[in-house]
Amino acid sequence: MNAALRADATASTIAAAVRDGLSALEVIDAALARIEERNAALNAFTAIAAQRARRRASDLDGARARGTRPGRLAGVPFGVKAMIDVAGITTTGGSALYRDAPPARHDAAVVRLLEAEGAICVGALNMDELGMGGTTENACFGATRNPHDARRTPGGSSGGCAAAVAAGLVPIAIGSDALGSVRLPASLCGVYGLRPTRGSVDDSGTLGRGGSIATLGPLARSAADVALCHGVMTGAADATAAQEPLRIAAAGGYFRERLDADAADALARAQEALGVTRVLDFPEPRRARAASTLINAAESATDKLELLRTRLAQFDPSTRDRFLAHALLPAQWYLRAQRFRRWHNAEVRRLFEQVDVLIMPATPCVAPAIGTRTLRIDGVDLPTGPTLGWFTQPLAGTDCPALTVPIARPGRLPIGVQLFAPPRREAWLVQAASRLEAMDVAAAPVVA
Amino acid sequence: VTFDPRAHLDAAAAAVDLPIPPEHREAVAANLARLAALAQELLDIELPPDPRP
């Protein structure tokens, strides 16, 4: 079998093979067969766009036969979080509120950008309802399972994306990250997950767009695929130039607390491999977490008032009370959080005068079992949702990109570390991740 | 600052015409109390004059 048809093929491998003559239709048929075989158990995809995908693949093969050079993502199958419009399928947002809505008439901007470079969307992926959660336990569409252990959560809210990439159903998926919804599931499923620079990705055609925190971001199984996909999503011809030497420091204080032995071990291995000896303090992490949580809460209630008045029973039981509370927040809390955020971003810019990349944990622990209400970290019982996002949330209000890098742990449950860089310096994140990958410290093997 | 989540719930729900069913009242108040604690952390810090108010 051509290596590009296997479950562990990366987007870069597939695109190169298709440019060299492999049929895109063959690639898509292989991906659809994997989804058919494994999705019932994983519940990663909530909609599969088989006909659309095969048609696009045939069109690509036909165009190539006529002499058109295939794009940078030629024939690469991808999935999108169920809040991103794909023409012909219903954008559910993981919610019963939208389950029976008419199919989207147009593709979201990010789908258009990826498909313009030859990528082919094969379907929509499960999520916490309207992005409100961190475990992808969805009352309407069911819980998504972690491919590493089906009893465990993949994390969330882009849990379907992380599970589909980890299981090799698709090499890349597009999620969205407000408080950590790409970075957190990437850590728990052992894949890469990028939160790009705020405002760098066009989110037109996504449900609930317009908030000041959330951004769309790719999940993938190699650092090169992150760079490739991010470049296409942002319309950049190439990534930013590499930095030599790359100054990397560890985040101290808050980022050394609330992590269990697995998270501490992963972080220590990554730091050692990168030769990190310097420790710097991320400014006001607790208040940064508070600000981003408040801003996200207030903005999550945008346009929800009428739905809460008239269709409350259709909200997921896990989000209902939260959306009601979010609709009642005092404006002054939101404004104070935004003011703090402006100050905080200036402090973060100052921090980046001393260092190029900060390394920190991505999650405090490996994936908990589905249904877990509290996590025991360092002998203390803590609520699952806020605790899983403990290390992703403080970064959420910044303009900066952050990347979860999966640490190689053969035979053990996956966990990642988080890299953080100044705005528009995604290339530095990829550079550090590639270094870890080359040393076999980072890896995202497909889970059979 | 003393924040009474139930009193706030009643006043804010009336202000935006969002009835809170009795069975949701305690959970919504608990969420408001949790968010109030986060807001308090931000009200407790003195920030320099805002360059972009």
Side-chain angles (χ1 to χ4, degrees), chain A residues 132 179 283-298 300-301 304-313 315 317-347 349-350 383 385-386 393-394 397, chain B:
Chain A
M132 190 57 61
L179 298 179
E284 291 285 349
R286 283 173 199 279
R287 287 191 172 96
R289 175 177 177 269
S292 53
T293 302
L294 275 172
I295 293 166
N296 190 58
S300 77
K304 299 278 190 325
L305 210 48
E306 192 56 26
L307 288 170
L308 289 167
R309 283 192 194 110
T310 58
R311 299 172 68 188
L312 183 61
F315 278 81
S318 69
T319 72
R320 214 175 279 162
D321 300 323
R322 282 191 281 167
F323 278 120
L324 284 170
H326 296 174
L328 303 178
L329 292 185
Q332 285 301 327
W333 292 2
Y334 176 77
L335 295 172
R336 181 69 180 177
Q338 288 285 22
R339 182 175 169 202
F340 172 87
R341 182 186 184 185
R342 289 192 289 276
W343 171 82
H344 186 253
N345 259 297
E347 292 297 302
R349 278 197 294 278
R350 258 192 285 282
Q393 289 161 356
Chain B
V1 177
T2 306
F3 176 75
D4 180 341
R6 290 174 193 80
H8 175 80
L9 183 156
D10 290 334
V16 298
D17 188 22
L18 177 62
I20 307 296
E23 65 272 25
H24 291 286
R25 189 177 160 78
E26 283 311 304
V28 175
N31 272 291
L32 285 169
R34 182 178 59 81
L35 292 163
L38 298 178
Q40 192 58 50
E41 289 186 46
L42 301 175
L43 294 167
D44 283 345
I45 183 175
E46 198 169 321
L47 297 174
D50 195 348
R52 214 175 58 198

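Within every chain, numbering begins at 1; the chains are lettered A, B, ... in the order of the sequence lines, protein sequences first and strands thereafter.
With a 4.5 angstrom heavy-atom cutoff, A:A297 touches chain B only via side-chain atoms. For chain A, no part of B:R25 is nearby; none of its heavy atoms comes within less than 4.5 Å. Of the atoms belonging to B:P21, it is side-chain heavy atoms, and not backbone ones, that fall under 4.5 Å from chain A. The contact between B:A36 and chain A is made by backbone and side chain atoms together, counting heavy-atom distances below 4.5 Å.
In terms of modelled atom types and a separation under 3.5 Å, the side chain of A:N296 and the main chain of A:G397 share no donor-acceptor contact.
Taking a cutoff of 4.0 Å between a charged side-chain nitrogen and a carboxylate oxygen, A:R311 and A:E306 do not qualify as a salt bridge.
A distance of 6.0 Å separates CZ in A:R320 from CG in A:L312, rounded to the nearest 0.5 Å.
Note on A:A327, A:P386, A:P330, A:A337: by heavy-atom pairs under 4.5 Å with chain B, the leading option is A:P330. In terms of heavy-atom pairs under 4.5 angstrom with chain B, the leader among A:L324, A:L329, A:L335 is A:L324. Ranked by heavy-atom pairs under 4.5 Å with chain A, the first of B:V16, B:I20, B:D44, B:L38 is B:L38. Contacts with chain B were tallied for A:H326, A:R287, A:E284, A:R309; A:R287 has the most, counting heavy-atom pairs under 4.5 Å.
A:R336 pairs by the side-chain contact (heavy atoms from CB on, under 4.5 Å) definition with A:R339, B:L42, B:L43, B:I45, B:L47, not counting sequence neighbours. By the side-chain hydrogen bond (donor to acceptor under 3.5 Å, both in side chains) test, B:H24 pairs with A:D321, sequence neighbours left out.
Classified by interplanar angle (parallel below 30°, tilted 30° to 60°, perpendicular above 60°), the ring pair B:H8/A:W333 is parallel.
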